[in-house]
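Numbering of ligands and ligand atoms starts at 1, following listing order. In this text, all values refer to a predicted model and were calculated from it rather than measured experimentally.
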Amino acid sequence: MTSSPAPVIAVDGPSGTGKGTLCVRLARRLGWHFLDSGALYRVVAALAERSGLSPGDGPRLGRLAATLDIAFREVHGGIRVHCNNEDLTEVVRTESCGAAASKVAALPEVRAALLVVQKGFRRAPGLVADGRDMGTVVFPDARLKVFLTASPEARAERRYNQLKQQGINVRLATLRQDIGERDVRDSARTVSPLRPATDAVVVDTSDLGIDAVFERVLCLVSDRDAGGG
Ligand code: DC
């Protein structure tokens with residue numbers, strides 16, 4: 001007898017919509033595993049730079065991506081990103097690594113290798129997956145698909161406040177521009193472009209605090225558990 005695969009909640013959308021915070025809270029509340037798929041692309045970009053690989057070398061970067069042993073560990077209430085037993089959290093959280101990740105994410109070889117890595121995170125009792133193509137490509141059979149949106153202004157302001165809290169000084173106008181450029185790159189690429197799955201529930205978080213978004217999505221989870229939608 002084959003058992004059915006562990007359930008998945010797929011949360012997609014551009015950066016700055018509150019996906020990360022929402023997913024960590026959901027995973028904690030449900031006692032499920034958590035996948036920050038953006039961190040996988042960031043790790044590939046960081047390790048490629050460290051090894052002096054060209055960011056456009058698809059075959060080599062694909063091979064590198066296939067060797068990664070990545071784990072998300074909760075330490076003092078925060079999520080740490082470990083790769084091959086090295087803590088890369090600080091390295092992958094920088095703006096420059098995010099921009100480099102968006103470039104390597106356009107390479108089909110990297111996406112193919114990380115597809116396998118991402119599917120490996122699907123384990124009982126369930127998985128909350130944060131990304132751009134969780135509902136469309138990686139987990140098309142997800143129990144619930146949520147697509148978060150927000151205006152570029154709201155997203156830039158959130159990111160600005162996040163960085164300020166971490167003691168990092170950036171200009172709001174620069175962030176707004178970077179977000180615009182990354183949106184174009186992530187939405188226009190031919191492999192797995194950023195778009196909502198046809199069966200995703202779209203939630204605009206421009207004027208919603210994280211608590212309101214969390215409650216809204218918890219209601220959607222309960223609806224699905226009750227057999228609705
Ligand atoms: O969510 P993030 O900012 O950590 O993602 C970094 C980059 O990785 C982002 O510009 C797009 C890419 N990405 C992707 O293409 N597919 C995913 N599932 C997650 C991230």
Side-chain angles (χ1 to χ4, degrees), residues 8-24 34-49 55-56 58 61-62 64-65 68 70 72 78-81 83 88-122 127-140 142 145-150 152 155-156 158-160 162-163 166 168 170 175-197 200 205:
V8 175
I9 296 175
V11 182
D12 289 304
S15 58
T17 48
K19 277 181 309 148
T21 315
L22 170 69
C23 287
V24 171
F34 165 65
L35 165 64
D36 172 1
S37 61
L40 306 187
Y41 290 94
R42 286 170 182 261
V43 166
V44 173
L47 295 184
E49 193 188 339
L61 292 188
L64 170 73
L68 303 180
I70 296 189
F72 300 99
I79 301 290
R80 312 287 306 176
V81 185
C83 179
L88 289 177
T89 314
E90 267 75 41
V91 180
V92 300
R93 289 289 162 234
T94 63
E95 288 302 294
S96 64
C97 189
S102 167
K103 289 179 189 150
V104 304
L107 301 170
E109 296 90 341
V110 171
R111 297 207 79 86
L114 289 187
L115 186 62
V116 179
V117 175
Q118 290 168 98
K119 285 178 187 287
F121 279 84
R122 185 174 196 167
L127 176 71
V128 181
D130 164 353
R132 304 291 192 288
D133 59 347
M134 299 298 98
T136 49
V137 176
V138 184
F139 303 112
K145 300 177 187 177
V146 179
F147 192 89
L148 298 188
T149 60
R155 291 161 49 209
R158 270 186 204 142
R159 188 74 188 129
Y160 177 79
Q162 252 176 14
L163 291 171
Q166 294 164 18
I168 302 169
V170 280
L175 274 182
R176 169 73 184 77
Q177 189 182 341
D178 287 352
I179 280 180
E181 284 169 8
R182 209 186 302 179
D183 281 357
V184 170
R185 225 174 9 240
D186 292 343
S187 312
R189 66 172 176 241
T190 43
V191 271
S192 307
L194 172 64
R195 61 176 171 80
T205 70

Within the 4.0 Å heavy-atom shell around M134, which atoms of ligand 1 are there?
18 (N)
Checking a contact table here: which protein heavy atom is nearest atom 11 (C) of ligand 1, and how many Å away?
D186 OD2, 3.4 Å
heavy-atom search around atom 7 (C) of ligand 1 in the protein gives A101 CB, 3.8 Å
Between the candidates R132, E181, R111, which shows the shortest non-hydrogen contact distance to atom 15 (O) of ligand 1?
R111
For Q166 and E90, run side-chain contact (heavy atoms from CB on, under 4.5 Å): C-alpha distance rounded to whole Å, both residues' side-chain angles, the deciding distance at 0.1 Å, then the answer.
CA-CA 11 Å; Q166 294 164 18; E90 267 75 41; over 6 Å; no
Minimum-distance protein heavy atom relative to atom 12 (C) of ligand 1:
A105 CB, 3.7 Å
Minimum-distance protein heavy atom relative to atom 8 (O) of ligand 1:
Y41 CB, 3.7 Å
Heavy-atom neighbours of E49 CD exceed 12 at 6.0 Å
no
Under 4.0 Å to a heavy atom of S37 - the qualifying atoms of ligand 1, by number
17 (C), 18 (N), 19 (C)
For the 3.5 Å polar cut-off, considering only N or O atoms, please tell me whether D133 and ligand 1 meet it.
yes
Under 3.5 Å, is there a donor on one side chain and an acceptor on the other for Q177 and E181?
yes
I need the nearest protein heavy-atom contact for atom 20 (C) of ligand 1: residue, atom name and distance, please.
G38 CA, 3.5 Å
Atom 3 (O) of ligand 1 sits nearest the protein heavy atom R42 NH2, 2.9 Å
Do S102 and R182 pair up side chain to side chain, a donor and an acceptor below 3.5 Å, judged on atom types alone?
no
Taken in chain and number order and not counting sequence neighbours, the residues that satisfy salt bridge (charged side-chain N to carboxylate O under 4.0 Å, His left out) with R42 are none
With A39 via side chain to side chain contact (heavy atoms under 4.5 Å, CB included) - residues at least two apart
D36, F72, V81, R93
Suppose I only count heavy atoms of R182 and a 4.0 Å limit; which atoms of ligand 1 are within that range?
3 (O), 10 (O)
Test side-chain contact (heavy atoms from CB on, under 4.5 Å), reference C23, set I79, V11, L35, L127, output is V11
Test side chain to side chain donor-acceptor pair (under 3.5 Å) applied to Y41 and R132, R111, K103, the passing residue
R111
